[in-house]
Structures are given as C-alpha cells and as structure tokens.
Amino acid sequence: MAALLLCNIHPKPPPSITHHRKRLHLVANIRLCLSAPKPSASPRRRIVLPPPKATSINGFSIQNPVVSPDRHGEENLELVERLRRWIGFIRSVLPGGSWWSFDEDVHVRMLAEPVTVSRALVRMWQLVAQDRWVIFAAFAALILAALSEISVPHYLTASIFSAQSGEVAVFHRNVRLLVLLCFTSGICSGLRGCCFGIANMILGDGYGDVNEVKRMRETLYSSLLLQDISFFDSETVGDLTSRLGADCQQVSRVIGNDLNLILRNGLQGVGALIYLLILSWPLGLCTLIICSTLSAVMLLYGGYQKKAAKLTQECAASANEVAQETFSLMRTVRVYGTEKDEVERYKHWLGKLADISLRQSAAYGFWNLSFNTLYHSTQIIAVLFGGTSILAGHITAEKLTKFILYSEWLIYSTWWVGDNLSSLMQSVGASEKVFQLMDLLPSDQFISKGLKLQNLLGHIEFENVSFHYSSRSTVPVLQHVSISVHPSEVVAIVGLSGSGKSTLVNLLLRLYEPTNGQILIDGVSLKELDVMWWRERIGFVGQEPRLFRMDISSNIRYGCTRDIKQKDVEWAAKQAYAHDFISSLPHGYQTLVDDDLLSGGQKQRIAIARAILRDPTVLILDEATSALDAESEYNVKGVLRAIRSDLTTRRSVIVIAHKLSTIQAADRIVVMDAGQVVEMGSHRELLLKDGLYARLNRRQADAVA
Ligand SMILES: Nc1ncnc2c1ncn2[C@@H]1O[C@H](COP(=O)(O)OP(=O)(O)OP(=O)(O)O)[C@@H](O)[C@H]1O
C-alpha cells in the first residue's frame, strides 16, 4: 500500500528525466573519445603509417599508436595503448580530474568584485522594492500552499488506515480535510505563481508593454548610455547587447523562479523533517544524515554550475559579437567570399559553449547519481529499521507508511532545493556582469551642471592642447595644438590621414577631454560649460553619417530640441539639396530608411539637412561632402557659403576635407601632420610657403591631370 501511495501521490517528477538528452550527448562524446582506431594494416601486408600524431580532446591528450611490423606486437601495443587511454580518461573524469576544468582561454573580464548570493539578492530586492506588495503576497501564498501540501500525506494515510479499521466518522473527517487542503493548496499555488510571475516581469523577464516592466533592462540600458565614449571604445556592441538580453533574462529568473522554488521546497523539507523526528527520532536522524550528505554534494555542484554559468555567458557574448559583426559587415563578407570563415569563427564559440554544456551535463549526471543512491538508501533504512520495529511492536504500519511518505518528501525537497540552488548560482553568476555594468557611475558630463552662456558668439580657441586615447596611452594623437576660430570664420583643417583632424573635432564636441591644455569657448573653458547646452549649439556632419531606422523626416529632426514643423524639415532638406531625391521616394519624407537603404551621398545630404535644421552657432563638417557628386558638392558648398554670408546668423564653420579644392575659399587653412599644426594661413599664403599644403595640392592636381 505504501508503494502504491508513493507512486500516486508525490507531485514531483523524478529528476533523471529532464536531462536525459544531455546525458545521451555525454555518452556519445565519451564514445567518440574512446573509440578504437580502425584496423589500419592487413596481417600480410606491411603498411607504412604516417608518424603518430598527438590529438587532444578537451585537453585530454591522446597519442596515436605506433604500428610495428609484427602483428602480435602491434595488437599488444594497441591494446596497451587503448588500456592506457581508458585509464587516463577514467582518471580525468573522476571528481577533481582534469576533464572537469574549463577551457583556460575563455577569459572572464571582471570590472569589479565578484557578486555574492546575498549581494545579488539585495540588488534584486532594490529593483522590485517599489512593488514589494507583490513579493509579500507571493510569500504569504507560498507559505499557505506549502503547509497545505505538506499536510496531504498525513491525512491521506490516516484516511486509508481509518477506512481499513472501519472508523467511519474519522474517515469522513479526514476526507473532508483532504478536500479542503486540496483547494487551499491549489488556490495558493496559483496565487504564488502569479505573484512571482509579476515580480519576474518587473525585474526584467517580461515582454509585454505593461507599465514599468523590464526594470533591470531599463536600469542597465540607461547606465550604459550615460557612459563616457571611451567606455564604448573598449566594449563591443555584441557583448553589451548580450548583457542586456540573455543575461538580464537569466538574472530575472532568480525571484520568480529559483527563489520561489527554493523557499517552497525548503519550507516543505523542514516541515517533513520535524514530522519525521516526531514520528521516530532514530529514523528521522538517519534521513537527516542522508539529506546533509545530499546538501554537501549540492553545494559543490552549485559552485561548479556558477563557474560554468559565467563562462557560458562569456562564450555566448563572444558568439553574439561575431554574429553581430558579420551581419553588420555582410556586404564585405559577401564580396570577399568569407562566409565559411565567418561560420568557422562562430562555430569556434559554439564549440566552447558545447564543451561547457557537456561538463555541466556530466556534473548533472553525478548529481543525479548521488541523489538516487541516497534516496534509495532512505527507503532501505526505513524498510529495514521500520520493519524490525513493526515486528517488535514499537511502531504501527500506519506510522511506517507516513514515515516513508515524509522521508520521500524530505529527500525530494532537498533535491529540488539543490537543483534550484544550482540554477540560482547560475543566475548569480550571470548577475555579476549585469550589476557591475549597472554600478558604473555615469560620465561626469551628465552629473555636473555647467554654465550656459547668455549670448554665444562662437569664438573657439584650442590652447596648447595635447591628447592621447586611453586605449592607446603611449601614442600621442595631438601635441601642443593651438588654433583659434573667430566668430563667423570658416576654418579648414587639412592633413594626411591619421594626423588627428577628427580627434580635434571629437575634443570640441567633448566626446573626450584633452590630456593637456584647454579649449575655450568665448573665453570660457569648455569643461565649465553645460555639455548638453553646448552640443545643442553645434551642427555636426561626420565622415560616414549613419541613419536611424525611422522615416526620413524623423532622421532630419533627430536631436533637434526646437519646435519643428514639417515645412522647416523640407526647407532644411532643400538647403542640403536632398529634397528632390526624398520627394522621388515612394513615401517621400515618410519613407522608412536605415543605413543600407540610401547611397552614401544621399545619407550625407540628410545629415547636412539635420545639421542645418539645428540652426547651429558652430558648424562642423568632417569630410561631409566626400560622397557627393560634383554637382551636389558644388550646390552644397553654395549653401554653406550662403549660411556663412548670412549676417543675421553668425556661424563659425570648421571644415575637414581631403579634397583641397573644396576648402580653397576658407578664411584660414590649418595644416596638420602627426598630431601637430605645421602650417596655417589662407590658400594663397600656404601655396607661397611651398610646404606640406603646397605639396598636397600639387599631388592632387597631378592625380586629376
Ligand atoms: N577611438 C580611438 N581609440 C584609439 N585610437 C584612435 C581612436 N580614434 C582614432 N584613433 C587614432 O588616432 C589617430 C588620429 O585619428 P583621427 O581620426 O583623428 O585622424 P584623421 O586625421 O581624422 O584621419 P582621417 O583623415 O583618415 O579621418 C590615428 O592614429 C587613429 O588610429
């Protein structure tokens, strides 16, 4: 009868089913590793084999057998070799063996101290604290459901044995209680699941458009967006999107899933243990010892899973990075025919992921093995000691049945706690990077409130500015640069590629800070100005303007804080000679574009329209006309001339150009070489000087001729 009850009432599935597939994978891999080499020589013919090659599978080195001309000797050697490999492999897969260690070349980049479980939980609590009522309701439902569920075996056994002994009143009372317990546990379990689900959604696992969902993703995203530009020089897009996607999802499972199940099973386990000790303390003590052993194995397993989770995270991010890069450079990949190479690059990381997953599955197998052995030990102990006690008349069959049911409950609860604890460890492992990124302080530029000048004239002065990028601190990019741009002046910056022209503009936009010297705007240090205010007054067209996946009108309006009407957008587009091509598109200004749907010249014209629409005091054009055809370039230059000569709007213009013909009319030309200003003057003055500018000019003229 006890066996019948055991089969029917326990609500949880046996642990071994879930990972059956993974274990098959493991077996297949081990078979692959140990399969004997195919017979390579017939008995009569002498075959000269190539020299033995060393092979390595997961760091387990295998030496191919040396073939002797003598067949018996050859077979013996082969047998010895196979035996040696078997022993080597068995030793490596035993707990603590080399097979279990993870690949060394997967580098986990750490930004701060590792996160402990308690710290991770505190951080998650901070994220859901705003909606703490959900968590409290979830815990209340959890406690009620757990208490109801744990009482079921008691009343079930009591009902059966009261029916057997013919106590009708007791039987009916027990059945009524059973029905009540079933209802309470059902309703409370439903409530618990719902409340934890909501908590999960708040934390970041939700995909609905419910208010305040995805708090973790939001927090992480805004923390990332407020970092200095140099941060993005060192982090890759694939890595960051991986943190925002898969890692946030993994972390958000903690409260809604892992913690929920750990608490439920923990509570039920403690209840079952108390009940067991009350029923029979010696038998209860035996079960407790077995459960403690299980807990010790569980802790080891949890630690291993945490490490595996971190490595999985790194490999997944690297695979993501490769895919992202390949997709964004798809045209280059296609033209150079490197699809296979890219697949290999991706496969490399997938291989590493599979490698980690294999070890995780094997660890899971060990964990299940320990569980099953210890689980059956409790049954044997119960039957052995319990049966003897029944025979001696110390306990009743009803008590023993209850004991077996509750000991099973206890051991399954321990198993579930262990299983969810390892999942919790994985989530904590994944949370490390997420929290470290969340904890990064925003760039100073967003914290400090700077000055806003009443009347900006646009007088720019670089005073002895030197700079190097922090990612290459030994390479000076700018050295002692001193330039001034007067209000309404057009200054062109020319020089060889890599001489630091764009860097100069980056400093003016405050994307980076000078390492030495300072930049003054109307006599005030740029550092003291409110950076958002300053950037609002700049119109910038970069070397390779990129468009957002939105309609053309929104792309032109992008970042403009003024109240803009559609006619203003069209005016700016006309000024940038973009109106005609926009109007010829099927949906005109409402055409959805992204970076790949327009030509380089069309994108440049939209970017110029965007800069003009801002009505900037300082206009910066970094190779802004490089992709324009001769006519558009001529027209756009005409617009720039008009903007400049418009006396009602005073505008300082900085133009960087490689085509020297485009900047001849500039008020001043600054020539740069290796991060230094080597010449300065008008086109005519510089030609007379016969220096670098004159040389570059001659070269370009020769190239055209
Ligand atoms: N984000 C960065 N991190 C590190 N080094 C950089 C970075 N950006 C540019 N550099 C380096 O700084 C130097 C100057 O680059 P910059 O882009 O300012 O040159 P440039 O004169 O504008 O070149 P080009 O005319 O080809 O655009 C180059 O050696 C470049 O490799």
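Keep in mind that this is a model prediction, so the values were computed, not measured. First listed ligand is number 1; within each ligand, the first listed atom is number 1.
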Find the distance between [atom1] ([X]) and [atom2] ([Y]) and round it off to the nearest 0.5 Å.
| X | Y | atom1 | atom2 | answer |
| --- | --- | --- | --- | --- |
| E489 | H459 | CD | NE2 | 8.5 Å |
| K527 | Q518 | NZ | CD | 9.5 Å |
| I552 | I582 | CD1 | CD1 | 5.0 Å |
| E235 | L437 | CD | CG | 6.5 Å |

*With a 3.5 Å cut-off and no angle check, do the side chains of D551 and S554 form a donor-acceptor pair?*
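Yes, S554 and D551 have a side-chain donor paired with an acceptor closer than 3.5 Å.
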*Would you say the side chains of N320 and Y346 form a donor-acceptor pair under 3.5 Å?*
no
_Looking only at protein heavy atoms, which one is nearest to atom 10 (N) of ligand 1, and what is the separation?_
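The closest one turns out to be Y469 CE1, 3.3 Å.
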*Tell me which protein heavy atom sits closest to atom 11 (C) of ligand 1, plus the residue, atom name and distance to 0.1 Å.*
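So the nearest neighbour among protein heavy atoms is R472 NH1, 3.8 Å.
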Just jot down the ligand 1 atoms closer than 4.0 angstrom to any heavy atom of [X], in number order.
| X | value |
| --- | --- |
| G500 | 14 (C), 18 (O), 19 (O), 20 (P), 21 (O) |
| T503 | 14 (C), 15 (O), 16 (P), 18 (O) |
| Y512 | 1 (N) |
| V477 | 12 (O), 13 (C), 14 (C) |
| S471 | 3 (N), 4 (C) |
| D233 | 1 (N) |

*For L456 and W533, what are the C-alpha separation, side-chain angles and deciding distance, and is it a side chain to side chain contact (heavy atoms under 4.5 Å, CB included)?*
CA-CA 11 Å; L456 180 67; W533 172 87; 4.1 Å; yes
*Given that the side chain starts at C-beta and the backbone is N, CA, C, O, which of these parts of Q543 lies under 4.0 Å from ligand 1, counting heavy atoms, or is it both or neither?*
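The answer is the side chain of Q543.
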*Should the proximity of K501 to ligand 1, defined as any heavy atom under 4.0 Å, be assigned to the side chain, the backbone, both, or neither?*
both
*Report yes or no: does N555 contribute a side-chain atom to a donor-acceptor pair with the main-chain N or O of M550 at less than 3.5 Å?*
yes
*From atom 29 (O) of ligand 1, work out which of G498, S497, S502 has a heavy atom at the shortest distance.*
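Closest candidate by heavy-atom distance is G498.
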